[in-house]
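All heavy atoms count here, side chains included; hydrogens, waters and symmetry mates do not. We number each residue from 1, following the sequence as shown.
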Amino acid sequence: MNYKMMGKFMGRILTVEAVFMLPAVLIGLWDREYAVVGAFLLSIAIIAAVSGLLSFLCRGAKTIFYAKEGLACVGLSWVAIGLLGCLPFFFSGAIPNFVDAFFESVSGFTTTGASIMPFVEGVSRAVLYWRSFTHWLGGMGVLVFLLAISSAGGKESGFTMHLLRAESPGPSVGKLVPKMKKTAGILYLIYIALTVLDLIFLLCGGMGWFEAICTAFGTAGTGGFGVKNDSIAGYSSYIQTVCTVFMLLFGINFTCYYLILIRQVKSVFKDEELRMYLGIVAASILLITWNLRGYYDTFGETLKHAAFQVATIVSTTGFASADFDVWPGLSKAVLFFLMMMGACAGSTAGGFKCGRALLVIKSTMRSVRQVVHPNKVQAVRVNNHPVDEKVLQNTNAYLAAYIMLFALSFLLISADGFSLTTNLSAVAACFNNIGPGFEMVGPACNYANFSMFSKLILIIDMLAGRLEIFPILILFSSATWRHR
């Protein structure tokens with residue numbers, strides 16, 4: 001293990017985290033909340049000290065980097081940014097319990113949006129800004145951001161690719177352009193452009209600057225932390241529609257946007273994962289709208305709420321325009337299915353991903369055909385291209401790990417004695433980075449009643465879900481820390 005290079009890179013990541021706390025300091029100064037400003041400055045000082053210590057101890061690191069180091073570095077980095085990112089919550093007194101503050105921080109960075117805070121409207125704007133900004137930074141990935149703004153050092157191939165593969169969602173990760181740094185830069189430019197466009201539409205709807213910025217951060221990162229106790233429910237139909245559209249847009253593979261920019265529009269429309277994603281969204285909206293007939297005064301209002309909740313769940317954002325926990329069983333079943341499915345690979349959304357589901361379906365169909373024609377060689381094809389067998393093996397391994405970790409987490413948090421629906425939806429919502437579930441963790445409730453032990457389990461679930469499981473599991477393997 002190249003511990004020095006891992007430590008050096010983690011030091012850079014913590015520096016980025018400390019720098020991004022500075023706008024919250026300015027907001028605190030503007031609002032004359034000097035105690036909150038002090039909390040942020042103390043947090044920045046601690047993070048800077050840890051970053052400086054890592055940089056000093058890891059100076060002169062060799063740039064040799066393998067897949068194992070990449071996975072472990074990503075896993076440790078996300079634990080570190082969550083652990084140190086919670087300091088402003090704790091020092092400011094907004095969340096006086098450290099485990100709760102850690103839960104809130106990890107929920108922010110992993111774009112889960114599961115909260116232990118029952119009331120947010122009385123919280124400092126500086127704290128609310130940082131809470132929402134963690135969504136934006138975690139949405140595309142803090143490591144991808146670091147790769148976009150600076151050279152990773154050493155030979156780019158083999159170093160940056162291991163980091164990008166470990167942090168990026170989906171069954172496989174490739175380069176948009178030959179250089180990895182340029183790929184990361186393109187991804188972030190698209191991300192920033194969509195965020196700014198979302199912000200403009202929100203401002204046009206009469207939202208104040210602060211609320212619009214925080215809402216845009218939550219939508220772009222598909223996170224779901226709001227600045228109102230009722231999430232998005234109290235805003236106008238226009239605002240809710242804008243959020244619906246942009247939540248769906250951020251659930252699309254960012255490669256599709258790149259293809260549009262280089263005028264390969266036909267390739268986008270032929271993308272099987274995109275068609276599957278849009279088909280699931282359309283079918284879910286129609287089914288829930290039909291199931292909700294009579295629940296709302298007009299068809300338009302019913303369609304609006306159905307579309308919003310489908311968009312917020314399938315994109316794993318977690319905003320709410322209505323309490324869907326009181327909806328009929330069929331509507332909740334559809335939403336639970338969307339919780340597990342998620343949106344497209346290569347987006348800021350969580351979940352199992354449509355891309356993986358497509359591979360599992362096609363792989364299963366091939367297995368059925370092979371029973372009938374055992375001697376016939378049959379390749380799994382997506383978008384008319386054969387899928388590498390290693391990708392299929394990794395997808396199957398991911399599915400197995402997904403099921404085992406989900407089941408184990410469900411059993412462990414069930415010790416708290418809450419209902420099966422509460423426990424099952426809590427794990428589904430945290431593991432798939434959604435936020436709200438059903439019953440005690442529904443859109444009108446929060447996660448405060450879980451024990452400290454259960455919250456730690458759910459923290460692991462949030463990290464595992466955001467990082468596609470393996471960068472977190474590898475941290476618990478003794479083989480990871482053995483010398484070569």
Side-chain angles (χ1 to χ4, degrees), residues 67 71 161 165-166 168-176 248 251-256 258-259 264-287 310 313-316 330 333-347 349-408 410 424 428 431-432 464-465 467-470 473:
L71 289 168
M161 198 62 189
R165 280 176 176 159
S168 299
S172 62
V173 177
K175 302 177 184 179
L176 299 179
L248 292 175
I252 294 173
N253 192 325
F254 275 53
T255 302
C256 292
Y258 176 72
L259 291 174
Q264 293 187 16
V265 180
K266 289 183 179 180
S267 300
V268 175
F269 287 113
K270 292 179 180 179
D271 187 270
E272 292 184 57
E273 182 189 30
L274 178 60
R275 289 187 300 190
M276 180 180 183
Y277 169 64
L278 295 178
I280 289 173
V281 168
S284 299
I285 291 173
L286 290 174
L287 187 57
V310 166
I313 296 299
V314 76
S315 67
T316 70
L330 177 59
V334 172
L335 293 179
F336 186 79
F337 164 76
L338 296 177
M339 283 184 184
M340 307 301 291
M341 176 62 70
C344 299
S347 69
F352 188 73
K353 306 290 188 305
C354 290
R356 280 201 184 89
L358 187 63
L359 290 179
V360 170
I361 292 169
K362 292 202 170 195
S363 181
T364 303
M365 291 173 64
R366 181 181 67 169
S367 297
V368 172
R369 290 195 300 268
Q370 284 178 333
V371 172
V372 181
H373 303 287
N375 297 322
K376 185 177 179 180
V377 177
Q378 303 178 60
V380 172
R381 304 180 72 86
V382 174
N383 299 332
N384 293 323
H385 296 291
V387 179
D388 193 300
E389 290 297 323
K390 286 186 178 180
V391 174
L392 295 177
Q393 291 173 6
N394 289 339
T395 300
N396 292 332
Y398 180 89
L399 177 60
Y402 182 96
I403 293 171
M404 288 190 293
L405 189 55
F406 190 103
L408 180 61
F410 170 68
L424 191 64
F431 201 5
N432 295 296
L467 298 179
E468 310 281 279
I469 299 178
F470 296 113
L473 288 185

Does the side chain of Val265 reach to within under 4.5 Å of the side chain of Leu259, using non-hydrogen atoms? no
With sequence neighbours left out, the residues meeting ring-ring contact (aromatic ring centres under 6.0 Å, His included) with Phe410 are none
Side chain to side chain contact (heavy atoms under 4.5 Å, CB included), that's the test. Do Arg356 and Met341 meet it? Break it down for me. CA-CA 9 Å; Arg356 280 201 184 89; Met341 176 62 70; over 6 Å; no
Decide yes or no on side chain to side chain contact (heavy atoms under 4.5 Å, CB included) for Leu424 and Phe406, but give the supporting numbers first. CA-CA 9 Å; Leu424 191 64; Phe406 190 103; 3.6 Å; yes
Between Cys256 and Leu274 the two heavy atoms that sit nearest each other are SG-CD2, 4.4 Å
Distance in Å, Leu335 CG paired with Met339 CE, rounded so as to fall on 0.5 Å steps: 6.5 Å
So SG of Cys354 and CD1 of Ile252: to nearest 0.5 Å the spacing works out to 10.5 Å
Kindly state each residue pair satisfying salt bridge (Lys or Arg N to Asp or Glu O under 4.0 Å) with at least one member in residues 385-404, sequence neighbours excluded. Arg366-Glu389
How far apart are the closest heavy atoms of Ser315 and Ala343, and which atoms are they? CA-CB, 4.3 Å
Walk me through it: do Phe337 and Ile280 pass the test side chain to side chain contact (heavy atoms under 4.5 Å, CB included)? CA-CA 10 Å; Phe337 164 76; Ile280 289 173; 4.1 Å; yes
Please find the pair of heavy atoms, one from Phe352 and one from Ala357, that lie closest to each other, and give the distance. CE2-N, 3.6 Å
For Arg275, check salt bridge (Lys or Arg N to Asp or Glu O under 4.0 Å) against everything at least two apart and list the hits. none
Minimum-distance pair of heavy atoms, taken over all atoms of Leu338 and Ser284: CD2-OG, 3.6 Å
Please find the pair of heavy atoms, one from Gly342 and one from Thr316, that lie closest to each other, and give the distance. CA-CG2, 4.3 Å
Would you say that Leu278 contacts Leu248 through its side chain, given a criterion of any heavy-atom pair below 4.5 Å between the two side chains? no
So, do Tyr258 and Asn253 sit near enough that their side-chain heavy atoms are less than 4.5 Å apart? no
Salt-bridge present (Lys353, Glu273; N to O < 4.0 Å): no
Check this for me, if you would: do Arg381 and Glu272 make a salt bridge, where the nitrogen-to-carboxylate-oxygen distance has to be below 4.0 angstrom? no
Tell me, please, which residues at least two apart from Tyr402 pass side chain to side chain donor-acceptor pair (under 3.5 Å). Asn432
Spacing of Leu359 atom CG and Leu392 atom CG [to the nearest 0.5 Å]: 6.0 Å
Who passes side chain to side chain contact (heavy atoms under 4.5 Å, CB included) against Thr364, sequence neighbours left out? Val360
Report all side-chain donor-acceptor pairs from residues 367-374 shorter than 3.5 Å, counting only partners two or more places apart or in another chain.
residue	atom	partner	partner atom	Å
Ser367	OG	Ser363	O	3.1
Arg369	NE	Gln378	OE1	2.7

How far apart are the closest heavy atoms of Val310 and Val281, and which atoms are they? CG1-O, 3.9 Å
